[in-house]
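Remarks on the structure that follows.
We number each residue from 1, following the sequence as shown. The figures here come from the full heavy-atom set of this structure, side chains too, leaving out hydrogens, waters and symmetry mates.
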Amino acid sequence: MDMDGGFSEEALEAGRILFAGPVEFVKGVVDLKGLPPSDRSEVCFAGRSNVGKSSLINALTNRAKLARSSAEPGRTRELNYFDLGEGRMYLVDLPGFGYAKVSRTQAEGWMRLTRSYLRGRPSLRRVFLLVDARRGLMDTDEEVMTMLDKAAVTYQVVLTKVDKMKKAEVDILAGKIADRLKKRGAAHPVVRQTSSEKGWGIAELRAEIASLE
């Protein structure tokens, strides 16, 4: 990867190949005892409910319904494990922050599970923290980043739904977020811009993930 966050043709091809192979649902984990062995690198996707997480995972894997999106935010209530490339990597879909239509007890339980996973998973290479470009960083995003800084878990901000804004506005937002990330110890410096609907930034994000294998 270049200093500006760009990728070579070889890196982009490696990302394409990884996601062109089999992608299979492995299991939904409801407690830490259910985690699969830490026998390969894994990356996870986190973000507020309705940030477009399921749509982004579906776009990355080029499958319409791998991660089920719903009109009801907060549908993902487990750590959902997917196998990439027949054992090459795990992709993990985390429960969304800010759940709808659930009790406070349920929401707190999911957050405890998520925090425990993020703090103690030795094979976790990177957390991709999804942020809706129309809303920017919110308090819950900052809380998650602080937790990851303390746990020394590398994370990277990925803007979603950038097609809903003017490019100049997105670039300004990405620049402001990148400046704020400089003050955080575990943050990756490059802010990715994506649109699941238009396919923007998908090839680059695939290359980013493939580089972590």
Mark yes or no for whether Ser196, through its side chain, and Leu56, through its backbone, hold a donor-acceptor pair below 3.5 Å. yes
For Leu94, the option from Val144, Leu113, Thr114, Asn80 that meets side chain to side chain contact (heavy atoms under 4.5 Å, CB included): Thr114
Going through the distances and angles, do Val158 and Leu205 end up as a side-chain contact (heavy atoms from CB on, under 4.5 Å)? CA-CA 9 Å; Val158 177; Leu205 190 51; 4.3 Å; yes
Testing Phe82, Tyr81, Tyr117 one by one against Tyr90 for a ring pair (Phe, Tyr, Trp, His ring centres under 6.0 Å), which residue passes? Tyr81
Please evaluate residues Val92 and Phe45 with respect to the criterion side-chain contact (heavy atoms from CB on, under 4.5 Å), reporting the C-alpha separation (whole Å), side-chain torsions for both, the decisive distance (0.1 Å), and the verdict. CA-CA 6 Å; Val92 186; Phe45 287 77; over 6 Å; no
Can you tell me how far apart CZ (Arg16) and CG (Asn62) are? Round to the nearest 0.5 Å. 11.0 Å
Could you measure the distance from the OG1 atom of Thr154 to the CG atom of Leu148? Nearest 0.5 Å is fine. 9.0 Å
Answer yes or no: is there an ion pair linking Lys166 with Glu169, defined by an N-O contact shorter than 4.0 Å? no
Is it true that Thr146 and Arg184 share a donor-acceptor pair across their side chains at a distance under 3.5 Å? yes
Return a table of donor-acceptor pairs under 3.5 angstrom between the side chains of residues 17-33 and protein atoms on other chains or two or more places apart.
residue: Lys27; atom: NZ; partner: Gly34; partner atom: O; Å: 2.6
residue: Asp31; atom: OD1; partner: Lys33; partner atom: N; Å: 3.0
residue: Asp31; atom: OD1; partner: Gly34; partner atom: N; Å: 3.3

Does a donor on one side chain and an acceptor on the other come within less than 3.5 Å for Tyr155 and Asp149? yes
In sequence, state the C-alpha distance, the side-chain angles, and the governing distance for Phe128 and Ile57, and then conclude on side-chain contact (heavy atoms from CB on, under 4.5 Å). CA-CA 11 Å; Phe128 291 99; Ile57 291 172; over 6 Å; no
Is Asp163 salt-bridged to Lys198, going by a charged N under 4.0 Å from an acidic O? no
Could you grab the distance from atom CZ of Arg135 to atom CG of Asp141, nearest 0.5 Å is fine? 11.0 Å
Between Asp179 and Lys182, is there a salt bridge with N-O shorter than 4.0 Å? yes
Is there a side-chain contact (heavy atoms from CB on, under 4.5 Å) between Leu137 and Glu142 once you walk through the steps? CA-CA 7 Å; Leu137 287 178; Glu142 299 275 7; 3.9 Å; yes
Do the side chains of Arg40 and Glu213 get close enough for a salt bridge, i.e. N-O under 4.0 angstrom? no
Can you tell me how far CG of Leu60 sits from CD1 of Ile209, rounded to the nearest 0.5 angstrom? 5.0 Å
With a 4.5 Å heavy-atom cut-off, do Ser38 and Arg121 have their side chains touching? yes
Stepwise salt bridge (Lys or Arg N to Asp or Glu O under 4.0 Å) test for Glu208 and Arg126: CA-CA 10 Å; Glu208 191 95 61; Arg126 188 170 301 172; 3.0 Å; yes
State plainly whether the residues Arg192 and Glu204 are in salt-bridge range, i.e. N to O under 4.0 Å. no
For Glu42, does its backbone N or O pair with a side-chain atom of Arg125 as donor and acceptor, under 3.5 Å? no
Asp132 and Arg48 ion-paired at < 4.0 Å: no
Say you draw a straight line from CD of Glu9 to CG of Leu12; how long is it, rounded to the nearest 0.5 Å? 5.5 Å
Nearest 0.5 Å, what's the OG-CG distance between Ser54 and Asp93? 5.5 Å
Arg119: which residues meet the side-chain hydrogen bond (donor to acceptor under 3.5 Å, both in side chains) condition with it, sequence neighbours left out? none
Whether the side chain of Ser195 engages the backbone of Lys161 through a donor-acceptor N/O pair (distance < 3.5 Å, no angle test) should be reported. no
Between Leu212 and Ser41, what is the shortest heavy-atom contact and its length? O-OG, 3.4 Å
Nearest atoms (heavy-atom pairs only) where Leu181 meets His188: CD1-O, 3.8 Å
Donor-acceptor under 3.5 Å (Ser55 side chain, Gly52 main chain): no
Looking only at heavy atoms, the pair that brings Val162 and Ala133 closest together is CG1-CB, 4.0 Å
Kindly work out whether a path of hydrophobic side-chain contacts (I/L/V/M/F/W/Y, heavy atoms less than 4.5 Å apart) joins Met147 to Met138. no
